[in-house]
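Notes to accompany the following structure.
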There are 2 protein chains.
Amino acid sequence: MARNTADALSRERIVGAAVELLDAAGEGGLTFRALTERFKTGPGAIYWHVANKDELLAAATDAVLAGPAVVAEGASPEEAIRAVALGLFDAIDEHPWLAAQLSRGPFRSVTLGIFERIGQQVQALGVPFEAQFTSASALMSYIVGAARQNAVNAANAAIARTTQPGLDRTTFLATEASAWRSLDPAEFPFLHDIAAQFRDHDDRAQFLAGVDLILTGITALRPPG
Amino acid sequence: MARNTADALSRERIVGAAVELLDAAGEGGLTFRALTERFKTGPGAIYWHVANKDELLAAATDAVLAGPAVVAEGASPEEAIRAVALGLFDAIDEHPWLAAQLSRGPFRSVTLGIFERIGQQVQALGVPFEAQFTSASALMSYIVGAARQNAVNAANAAIARTTQPGLDRTTFLATEASAWRSLDPAEFPFLHDIAAQFRDHDDRAQFLAGVDLILTGITALRPPG
DNA sequence: ACCTGAACACCGTTCAAGT
DNA sequence: ACCTGAACACCGTTCAAGT
């Protein structure tokens, strides 16, 4: 016990500092140097509590995802799925580094927990047994994939903003949209046509609309009656 | 001209070597040291042809995605979308490092090209104008997200195989599935129930089933008649 | 049991100097 | 115009040594 208890290093404090570093500067912001400076110690002290950087990232992911995802009591299965999806969307939006962690493999315990929750609602929807795994997998892929894409876009926008101050979301979308509209309509009819929809779209609404498309597809699998 | 033309370094040759290194050992396998060894030169020579590692990764992505994605002439919009989706799925399966590149932002030219192709088919499906952007975005998110997840799983399996030889896909799925089945059915009813479906699932079929769920949702947006 | 801090083997990138 | 190769400022990780 070289330190008093207030100063004492612990796995918990290290994970907490890791989350702060990740939130502040992304995955590149979490380094063992930064942690040693923060705790005024050497790398060996960190390694005593944590096996390596991968394990630290996994622990940070668990810590951040431990809290939320409460679903209202009287909610329908569709509403419950939307709530889980939005919970993940917002968590990744707040902690963009989560995205890379969640796709590390579906066999991390947090990811399995989310898959279970989605699957339960798929069962509650009355989807035939043989189609349940496929349905839940499609939802899971979409939710993680789309939330991830949103986080990457947000992170890119933040980076762009450091070099071009004043480039907020609105002006970015407007610039990109006008580039689309000036594409050759013969070669890029779609991008040309929907430029304005892209300019005016809302990320969360867009994300939820995708969930609803899949839900429509899934409920169509139910036997009639 | 310090070298003869056969030896001459060029952006093209560097990108080609980068693809080989990426295929052989993933994103971590592409280093400037490896490239200098390959071409028996110094890092400055590489930097003369290529701005930095990011640009090299982007060029490698473009090179790999330049070839394929031909869609049969008489194909229906649904078939064309499935073809684009499967083309990307297979490309990512063959070059897992593509996954990280594709989600770098939807504003890289390759990604925009794929989005355009999907969007054209969405228009061909007769989706109302206001819903076209949403529909194409959902498809794009799912396709990239699910293909990405598949690549990550494949890469993880390959890594696991280096430490545990003989751990092929079948035995891995069987082990994981039996772990799911032994979960408490009260806490994990879904995972417990569908363990066998997970064990027996086919990755490509699973991926395509998800595309079809979204297609069902999209076609339901069409006005009746 | 917990921490120190020097050291190792890597990275991407730069740049004066050569031809 | 193109290439050389030493050097810089970083990484994650290890490990003998201390308390």
Close side-chain approach of F190(B) and L183(B), heavy atoms under 4.5 Å = no
Sort me out a list of protein N/O and nucleotides 14-17 of chain D N/O pairs below 3.5 Å, or just none if empty.
none

What stems involve DNA chain D, if each pair must be Watson-Crick or G-U and both of its distances must be under 3.5 Å, with 3 or more such pairs in a row?
-> C:4-8 with D:12-16, C:12-16 with D:4-8
Is S141(A) reaching over with its side chain to a backbone N or O of A138(A), donor-acceptor style, under 3.5 angstrom?
-> no
Pairs meeting criterion salt bridge (Lys or Arg N to Asp or Glu O under 4.0 Å) with involvement of residues 138-147 of chain A, two or more places apart | none
I114(B) side chain reached by M140(B) side chain, heavy atoms, under 4.5 Å | yes
For atom CD of E55(A), is the number of surrounding heavy atoms from other residues, nucleotides or ligands below 6.0 Å larger than 12?
-> yes
Nucleic acid contacts - residues 22-35 of chain A versus DNA chain D, non-hydrogen atoms under 4.0 Å = L30(A), T31(A), F32(A), R33(A)
Taking Y142(B) for the side chain and F207(B) for the main chain, is one N or O donor matched with an acceptor at less than 3.5 Å?
-> yes
Determine the minimum heavy-atom distance between G42(A) and T36(A), stating which atoms define it.
-> C-CG2, 3.5 Å
Is the distance between the ring centroids of F115(A) and F198(B) less than 6.0 Å?
-> no
Inter-nucleotide P distance (dA17(D), dC2(C)), Å rounded | 22 Å
Got R33(A) and R38(A) here, is their nearest side-chain heavy-atom distance under 4.5 Å?
-> no
Any idea which heavy atoms bring L22(B) and E27(B) closest together, and the distance?
-> CD2-CA, 3.7 Å
With F32(B) via ring pair (Phe, Tyr, Trp, His ring centres under 6.0 Å) - residues at least two apart = Y47(B)
Tell me, which of residues 52-61 of chain A have any heavy atom that sits under 4.0 Å from an atom in DNA chain D?
-> N52(A), K53(A)
Indicate yes or no: does R204(A) engage D90(A) in a salt bridge with an N to O separation below 4.0 Å.
-> yes
Look at W48(B) and dC2(D) and indicate whether a side-chain polar atom (N or O) is within less than 4.0 Å of OP1 or OP2.
-> yes
Atom pair distance, as rounded to whole Å: CD in E37(A) and P in dC10(D) = 10 Å
Are OP1 or OP2 of dA1(D) and a side-chain N or O of H49(B) less than 4.0 angstrom apart?
-> no
Q197(B) (side chain) donor-acceptor with F133(A) (main chain) under 3.5 angstrom | yes
